[in-house]
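These values consider heavy atoms only, across backbone and side chains, with no hydrogens, waters or symmetry-generated copies. For ligands, and for the atoms within them, numbers begin at 1 and follow the listed sequence.
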Amino acid sequence: MPIAKRMTDMVAAMEMVTKMFEEGDRLRSQYGTENVFDFSLGNPDVPPPPEFKKVLRELVADDALGHGYTPNAGHAQVRQAVAEHLGAEHGLSVPPELVVMTVGAAGALNDVLNAVVNPGEEILVPSPYFIGYQHYAFLAGATVKTIPTDERFHLDIAAAEAAINAKTRVMLINSPNNPTGAVYTAEELAALGEVLEQAGARFGRRIYLVSDEPYRKIAYQGEVPSVFQAYAHSIVVSSYSKELSLAGERIGYLAVNPAAEDARLVADAAAVVNTMLCVNAPSLLQLAVARLQGVTVDVTIYKRRRDLLCRGLAEIGYRFHEPEGAFYLFPQSPIADDVEFVRLLKEQLILAVPGRGFGAPGYFRLSYAVPDATITGSMKGFRRALQQAS
Ligand code: PLP
């Protein structure tokens, strides 16, 4: 066998994703870009804030700027800047030693999971969920165990409690959520924190709450509640991929709750994994984001698109919960077979992702990181697909 046995299924699954993208390109070249309505990608299209290029220009104009390796956990002044901003947001003081600069939230998740999870242990994930979690768990030799959410895709605390066992090491949550747009409330997080605390005592082991927050700044109903306030053994992972539209530049961070026991050891272990996986986060981007703390993309653009898409689809007769954050809508498929419905949409030149790709058959995901014209132009096709399905 030319490749590692354990990679065979992973490569096959990735090929399906690649095929989906190639199919989009094929449709665009056949029918013209303006006639294809591509809601399949979670790639932010809103431009980065103008401050980003300004900061970048200033940095590269500085002849004294070095381009060598940085300390593995990141430049000291960058960790300081991130820790200060994060601490202010979460209402507590975060020492810079508990922050590690990473290659996006993906890099941060790989760092954290490899640092705290033993092979064979379980990571609990509320479903529907971002498929990347399967990949990160796979690399850490861990298993993802999904737990149901409630009818609005919010946390089902009783289900979480019932799922915890002697193998549980991490509860991994994502709010604002990809693919559902749910934002968990402070009450939900507090209840979850209590359950994790009690379960940890019952099973005599530490269970971490890892909160994946790359969409934190894209929230439509005010601030996203803090996990640091809800549970001591919590770790935040995040990035500037969405809040500054820098997904391709690969810059993010992780931060360990200062209230966690052994917080420094956990952060140091994550920094060691960071060293093993990628040596250090991109130096130039570290320096840039340090100067952009508190700056975000224009979220009103995403809100306008959310409203446009929700209004249009509701009028046609689609059923969904209005997203509270991120830039995804997760409607019910009008027929049980979501893959078949996504095929019907494709006949109308609309590209979407079946819900089963997120552990939720019977739904489909639309990313509204697309121009307004894509949304308005797609409505006829959405109507026809619904008619065909019924
Ligand atoms: N977590 C979620 C929920 C995501 O949707 C994504 C990317 O789409 C990531 C993590 C990875 O993001 P990053 O670009 O910061 O690595």
Side-chain angles (χ1 to χ4, degrees), residues 14 17 20-21 39-46 48 74 82 86 99-114 123-140 144 146 149 153 155 170-184 209-219 224 227 235-255 270 273-274 277-278 280-282 285-286 288-289 292 296-297 302 323-330 353 355 357-360 365-370:
M14 284 297 182
V17 176
M20 197 176 80
F21 294 150
F39 295 92
S40 65
L41 293 177
N43 200 3
D45 69 321
V46 168
V82 173
L86 190 84
V99 171
V100 178
M101 299 309 294
T102 64
V103 178
L109 283 161
N110 279 318
D111 291 351
V112 167
L113 296 182
N114 279 285
I123 300 170
L124 293 185
V125 176
S127 179
Y129 66 101
F130 171 56
I131 194 67
Y133 297 160
Q134 290 286 2
H135 308 152
Y136 313 143
F138 170 81
L139 288 180
V144 166
T146 59
T149 46
F153 301 124
L155 292 174
V170 163
M171 169 100 192
L172 172 54
I173 59 171
N174 166 224
S175 168
N177 188 269
N178 173 12
T180 67
V183 175
Y184 304 148
L209 175 59
V210 177
S211 183
D212 178 26
E213 307 186 351
Y215 302 94
R216 182 179 187 80
K217 300 293 166 57
I218 307 175
V224 173
V227 287
I235 303 169
V236 165
V237 303
S238 194
S239 76
Y240 302 91
S241 292
K242 324 288 160 145
E243 66 182 64
L244 290 177
S245 277
L246 298 181
E249 304 298 350
R250 314 305 305 132
I251 183 73
Y253 61 89
L254 64 90
V273 181
N274 200 53
L277 292 178
C278 61
N280 61 250
L285 269 292
Q286 286 189 46
V289 298
L292 293 166
T296 51
V297 291
Y302 288 126
E324 296 150 337
F327 44 63
Y328 305 102
L329 183 66
F330 204 56
V353 185
F358 304 92
R365 191 196 75 171
L366 301 172
S367 161
Y368 51 90
V370 296

How far does [atom1] of [X] sit from [atom2] of [Y], to the nearest 0.5 angstrom?
X	Y	atom1	atom2	result
Leu246	Ile251	CG	CD1	9.0 Å
Asn274	Leu254	CG	CG	7.5 Å
Tyr129	Ile123	OH	CD1	11.5 Å

If you measure every N/O of Tyr328 against every N/O of ligand 1, is any gap under 3.5 Å?
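In fact, backbone or side chain, Tyr328 has no N or O that close.
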
Do any N/O atoms on Ala105 end up under 3.5 angstrom from N/O atoms on ligand 1?
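Yes.
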
Could you tell me which atoms of ligand 1, counted from 1 in the order shown, lie closer than 4.0 angstrom to a heavy atom of [X]?
X	answer
Asp212	1 (N), 2 (C), 3 (C), 10 (C)
Arg250	13 (P), 14 (O), 16 (O)
Gly104	15 (O), 16 (O)
Asn174	3 (C)
Ser241	13 (P), 14 (O), 15 (O)

Among all protein heavy atoms in this structure, tell me which lies nearest to atom 6 (C) of ligand 1, with the distance rounded to 0.1 Å.
Phe130 CZ, 3.5 Å

Would you mind checking which non-hydrogen protein atom is closest to atom 7 (C) of ligand 1, with the distance to 0.1 Å?
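Checked against all protein heavy atoms, atom 7 (C) of ligand 1 sits closest to Lys242 NZ, 3.2 Å.
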
Parallel, tilted or perpendicular: rings of Tyr302 and Tyr368 (30°, 60°)
perpendicular

Aromatic ring pairing Tyr133/Phe130, orientation class (parallel under 30°, perpendicular over 60°, tilted between):
perpendicular

Check step by step if side chain to side chain contact (heavy atoms under 4.5 Å, CB included) holds for Arg365 and Asn178.
CA-CA 9 Å; Arg365 191 196 75 171; Asn178 173 12; 2.9 Å; yes

Report the part of Pro214 in contact with ligand 1, treating N, CA, C, O as backbone and CB onward as side chain, heavy atoms under 4.0 Å; options are side chain, backbone, both, neither.
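Near ligand 1, Pro214 shows its side chain, while the N, CA, C and O stay back.
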
Any idea which part of Ala106 is under 4.0 Å from ligand 1, heavy-atom wise: side chain, backbone, both or neither?
both

Do Tyr215 and Glu243 get their side chains close enough for a donor-acceptor pair, meaning under 3.5 Å?
no

Check for me whether Tyr215 has a heavy atom closer than 4.0 Å to any atom of ligand 1.
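For ligand 1, residue contact (heavy atoms, under 4.0 Å) with Tyr215 is present.
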
Are the aromatic ring centres of Phe153 and Phe330 under 6.0 angstrom apart?
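Under 6.0 Å, so yes.
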
Below 4.5 Å, heavy atoms only, C-beta onward: do Pro48 and Val297 meet side chain to side chain?
no

Atom 15 (O) of ligand 1: of Ser239, Pro179, Gly252, the nearest heavy atom sits on Ser239

